[in-house]
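Working notes for the structure below.
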Protein chains: 2
Amino acid sequence: MDRDKELREVGLRVTVPRLKILRVLEAGARRHFCAEDIYRALLDEGEEINLATVYRVLTQFEAAGLVTRHKFAGTHSSFEIDSGQHHDHIVCVRCGRVDEFVDKTIEARQEEIARRIGYEITDHALYLYGICAKCRVEGEQERIETAPG
Amino acid sequence: MDRDKELREVGLRVTVPRLKILRVLEAGARRHFCAEDIYRALLDEGEEINLATVYRVLTQFEAAGLVTRHKFAGTHSSFEIDSGQHHDHIVCVRCGRVDEFVDKTIEARQEEIARRIGYEITDHALYLYGICAKCRVEGEQERIETAPG
DNA sequence: CTAGTTGCAAATCATTTGCACTTGC
DNA sequence: GCAAGTGCAAATGATTTGCAACTAG
């Protein structure tokens, strides 16, 4: 809520661009945004912002621990407000929808595997890609509508 | 061994650049290369090749199922000869070493999670990042050598 | 012969950076 | 006031592409 405070607490000055970007990130409808998404969202609201600033601010937010950066398949980075609790992602390859999940068993196995191979884990990335329920239904309807005969 | 055949079998014409690149990929010392790696390796051997060609050929190899493309943390794509058997990767953040592993439990959990959330998995990426045994030892020695007193 | 390939140079795309100006504290 | 932040335009780095010349089948 109190975004001024949120920024100060992580050691960042409160500036207009940072507040705008933070507002978009916390808006609620979505949790994952690439820099362009945020840039466009603000322009669409009639807010002025520079894309380079969006990139700079997101990088600072990441360094400050406010957001987490993800590299899903494809070209650009995706950012989400850091909820504090680790989780992994499943991404719909049709519509881009992103869902989150946590799995203790997988986490444990990862540690186990790393130990066996002789690594000390510093980080990990687990992305599942697939087709979400909604997209599967839509695909099915299309097939029916365009069916021959 | 018979790279001519290998190329023909996946429907690709046998050309000099493709043979050179395939040779590097199969060389054995390493299994994971980015386009630059292959380009440099060939130049170092005194072979002529164009970087754009390396990129084009790798993309064709991927489409033909000869190689798999990975996006480890960082900027460039990494390619490896497709062994046919799925596996995941653990990457050393110090030296870039890449190890491979397979874990049935993790695979099974992924399917389970996807089903629960309503997705039909098409692909997945699991990358563990850490420090390999060798790099940990080196780091330890350095600390001793530069220790005060 | 001729469609597929290559090399080269120029283009792209996401992201970063230099710099002069502006703003937060 | 002054360091930090911003906008703009130009630079970057990995990868791609247009095109004319070249080769595999």
Side-chain angles (χ1 to χ4, degrees), chain A residues 2-25 32-43 46-64 66-80 96, chain B residues 2-24 32-43 46-64 66-79 96:
Chain A
D2 190 344
R3 297 194 243 281
D4 282 37
K5 202 173 154 197
E6 220 171 332
L7 288 172
R8 283 205 197 84
E9 278 178 354
V10 296
L12 292 173
R13 279 194 186 180
V14 179
T15 70
V16 175
R18 299 219 255 243
L19 286 172
K20 288 179 180 174
I21 293 167
L22 195 50
R23 181 161 47 71
V24 172
L25 284 166
H32 301 81
F33 304 83
C34 68
E36 276 290 327
D37 290 338
I38 295 175
Y39 176 64
R40 291 232 185 82
L42 286 171
L43 292 193
E47 297 282 15
E48 275 181 28
I49 190 86
N50 182 268
L51 183 54
T53 301
V54 175
Y55 276 107
R56 260 187 300 231
V57 168
L58 286 172
T59 302
Q60 293 158 348
F61 281 7
E62 185 192 13
L66 271 183
V67 307
T68 308
R69 181 195 300 256
H70 302 292
K71 300 270 205 170
F72 300 138
T75 48
H76 33 46
S77 292
S78 212
F79 300 83
E80 73 173 304
Chain B
D2 190 346
R3 297 194 242 280
D4 280 39
K5 201 173 156 196
E6 219 171 330
L7 288 172
R8 283 205 197 86
E9 278 177 353
V10 296
L12 292 173
R13 279 193 186 183
V14 179
T15 71
V16 175
R18 298 218 255 243
L19 286 172
K20 288 180 180 171
I21 292 167
L22 194 50
R23 181 161 48 72
V24 173
H32 302 82
F33 305 83
C34 69
E36 275 292 327
D37 290 337
I38 294 174
Y39 177 63
R40 291 234 185 79
L42 286 171
L43 292 192
E47 297 280 13
E48 274 181 29
I49 189 89
N50 183 266
L51 184 55
T53 302
V54 174
Y55 276 107
R56 260 186 301 229
V57 169
L58 285 172
T59 303
Q60 292 158 349
F61 281 7
E62 185 191 13
L66 271 183
V67 307
T68 308
R69 181 194 303 253
H70 302 292
K71 301 269 206 170
F72 299 137
T75 48
H76 32 45
S77 292
S78 212
F79 299 84

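With dA3(C), dT6(D), dT15(C) as the candidates, the nucleotide lying closest to the side chain of Ser77(A) is dT15(C). Closest to the Pro17(B) side chain, of the nucleotides dA24(D), dG7(C), dA4(D), is dG7(C). Nearest nucleotide to the side chain of Arg56(B), out of dT6(D), dT15(D), dC8(C): dC8(C).
Between Ile49(A) and Val54(A), the shortest heavy-atom contact is CG1-CG2, 3.8 Å.
Heavy atoms of Arg18(A) sit under 4.0 angstrom from primed sugar atoms or phosphate atoms, though from no base atom.
Rounded to an integer number of Å, the gap from OH of Tyr39(B) to P of dG13(D) is 16 Å. Remark: P of dG7(C) and CG of Leu42(B) are 11 Å apart, rounded to the nearest angstrom. Rounded to whole angstrom, the span from the CG atom of Leu51(B) across to the P atom of dT6(C) amounts to 14 Å.
Dashed line: the shortest gap from a side-chain N or O of Thr59(A) to OP1 or OP2 of dT15(C) is not under 4.0 Å. Contact check, Asn50(A) against dC8(D): a side-chain N or O comes under 4.0 Å of OP1 or OP2. An OP1 or OP2 oxygen of dT6(C) is reached within less than 4.0 angstrom by a side-chain nitrogen or oxygen of Thr15(B). Side-chain nitrogen and oxygen atoms of Thr53(B) include at least one within less than 4.0 Å of the OP1 or OP2 phosphate oxygen of dG7(C). Contact between the side-chain N/O atoms of Tyr55(A) and the OP1/OP2 oxygens of dT15(C) is found at a separation under 4.0 Å.
Using a distance-only test at 3.5 Å, with no hydrogens or angles considered, no donor-acceptor pair links the side chain of Lys71(B) to the main chain of Thr75(A). Arg18(A) contributes a side-chain N or O that, together with a main-chain N or O of Arg13(A), makes up a donor-acceptor pair within less than 3.5 Å.
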